[in-house]
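Report on the following structure.
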Amino acid sequence: YPLAGAVKKDSNMDLVQQYLEKYYNLANGMKQLVRRKDSITVGKKIKEMQKFLGLEVTGNLDSNTLEVIRKPRCGVPDVGH
Amino acid sequence: FATFPGLPKWRKTHLTYRIVNYTLDLSRDAVDAAIEKALKVWEEVTPLTFSRIYEGEADIMISFAVREHGDFAPFDGPGATVAHAYAPGPGIYGDVHFDDDEQWTEDTSGTNLFLSAAHELGHSLGLFHSDNPEALMYPVYNPRTDLARFRLSQDDVNGIQSLYGPPPASPDEPMVPTKFIPPAPQMPSLCDPALSFDAVSTLRGEILFFKDSYFWRKTPWNHKPEFHLISTFWPALPSELDAACESYSKDMVFIFKGNKFWATRGNEIQAGYPRGIHTLGFPPTVRKIDAALSDKEKKKTYFFAEDKYWRYDENRQSMEKGFPRLIADDFPGVGPKVDAALQAFGFFYFFSGSSQFQFDPNAKKVTHILRSNNWLKC
């Protein structure tokens, strides 16, 4: 195992996790997976969000994606609940 | 565009809305105007019409709130979520909630209320988010929207018309129906023999007949009366009015409902209204009036409430002494209750249910009994 140093709380990951839960149906139980960043599901969800919002579909948390996530928006989800 | 899963939509075309509370960021008038303008955006491209109510449960309840506000979808402080709304349906469905931790503005210096309201009302009518960045229903708020030239995108129009179809008449068709179009169930019908009116008033040579949320407008140059929503001309007025009368000297029409009255000049409601009817000199026992008419020659205004009436002196701007008097004493044959009243061609016309009494104030007697809708040339 890599030294289990304190997992640096990545506020960006928190932000994207809340955004995906709120607007893209990311199930709440995905919390741990989101932290490991290598989760296939989260990458898929990030791509789904980037596609819907007209961003470059990379599956990564690039600056453009983070910028849009921080913008004011409507609280209704983007995909059907 | 997208619609909500299950395609919820309103099964009627006339919807009510109510502004439940206000943000302190804007004046009430500014909030009222923003909501009205946002509703008009959707009204213009669908058969939908909206009228405002001031109490009770409206189809679309509009409110401002912060953090947890009772719908398990708490707001999150300034920024991020600015508002949300619910798909068509009963109770909370159809409602719009604005996050009052945002700075609501009439321009784009903060979060523009009109723009956000137009988006949220799209949800209230059944639209989900669109992935078209040009669309009003795109989820991310665009502060650079040109408000002066705001228009729905084709994507928005396609979306809402997929639910409700286009507006009933293209702009170049006559406003007044050239043939009798049977009204939708909830609309009053001018040929209904049982038709009664809530209020009747002259207005600059025309005559307005108010009923529920609508009114007929009888003009000297048009054989057929026009039919409109009250809210089309006076968005801030309630429906189901009690009385209306013209003040010729002021070039105004006074509109009464409950213990309030409004002054309108043309379709402008005058600042400082509504006022309480007791400011006119009614005793506190009078909770509402039933009818009002203005005697143009004598500059007197008659107010009718239950079985009594008062007379207001336009010159002295006060209620005359010796009133109230009994309607039955001075207007024999009229009543028992008056729904609406009008002075025309030297006669007083009293509307009571589906009947109308033409009263000669000189002879002090009823000269004709007609149907209430007689004026509308059914």
Side-chain angles (χ1 to χ4, degrees), chain A residues 8-31 33-35 37 40-81, chain B residues 2-8 65 69 71-87 93 95-99 101-104 108 110-112 115-124 126-145:
Chain A
K8 177 175 166 299
K9 184 176 168 59
D10 182 341
S11 64
N12 288 342
M13 282 316 284
D14 277 350
L15 190 65
V16 79
Q17 169 209 330
Q18 286 165 24
Y19 203 89
L20 294 175
E21 281 175 3
K22 193 163 183 180
Y23 302 117
Y24 288 84
N25 254 350
L26 176 67
N28 266 320
M30 308 299 291
K31 206 174 284 291
L33 280 175
V34 169
R35 291 204 186 293
K37 289 192 196 180
I40 297 166
T41 308
V42 174
K44 260 174 63 179
K45 280 294 178 186
I46 290 176
K47 284 182 180 174
E48 183 183 358
M49 169 185 63
Q50 288 169 329
K51 181 171 183 295
F52 189 92
L53 295 177
L55 298 163
E56 188 192 354
V57 180
T58 63
N60 298 319
L61 270 188
D62 49 66
S63 57
N64 267 356
T65 301
L66 281 170
E67 184 195 341
V68 170
I69 285 179
R70 289 197 172 93
K71 284 187 173 176
R73 60 158 289 156
C74 169
V76 171
D78 294 341
V79 294
H81 263 299
Chain B
T3 52
F4 282 94
L7 210 65
H69 52 281
D71 64 0
F72 302 108
F75 283 133
D76 46 19
T81 301
V82 301
H84 58 221
Y86 292 85
Y93 290 101
D95 292 0
V96 174
H97 299 165
F98 293 107
D99 182 351
D101 275 331
E102 310 307 324
Q103 179 62 40
W104 293 105
T108 50
T111 307
N112 179 267
L115 204 50
S116 181
H119 174 101
E120 298 308 331
L121 288 164
H123 291 313
S124 303
L127 286 184
F128 210 29
H129 280 146
S130 167
D131 59 7
N132 178 333
E134 302 305 312
L136 172 66
M137 294 314 290
Y138 184 72
V140 179
Y141 173 77
N142 179 3
R144 285 184 307 283
T145 302

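Each chain gets a letter, A, B and so on, in the order its sequence line appears, and its residues count up from 1.
- Among the residues in residues 64-74 of chain A, those with a non-hydrogen atom closer than 4.5 angstrom to a non-hydrogen atom of chain B are A:Val68, A:Lys71, A:Pro72, A:Arg73, A:Cys74.
- Using modelled atom types, one side-chain atom of B:His129 and one backbone atom of A:Pro77 make a donor-acceptor pair closer than 3.5 Å.
- Nearest heavy atoms, B:Ala85 versus A:Val76: O-CG2, 3.4 Å.
- The contact between B:Ser130 and chain A is made entirely by backbone atoms, counting heavy-atom distances below 4.5 Å.
- Using a 4.5 Å cut-off between heavy atoms, B:Asn132 does not touch chain A at all.
- Heavy atoms of B:Ala73 lying under 4.5 Å from chain A are absent altogether.
- Looking only at side-chain heavy atoms (C-beta outward), A:Gln18 and B:Asp76 stay at 4.5 Å or farther from each other.
- Of the two parts of B:Glu120, only the side chain, counted from C-beta on, holds a non-hydrogen atom closer than 4.5 Å to a non-hydrogen atom of chain A.
- If you measure heavy-atom distances from B:Tyr138 to chain A, the contacts under 4.5 Å come from the side chain alone.
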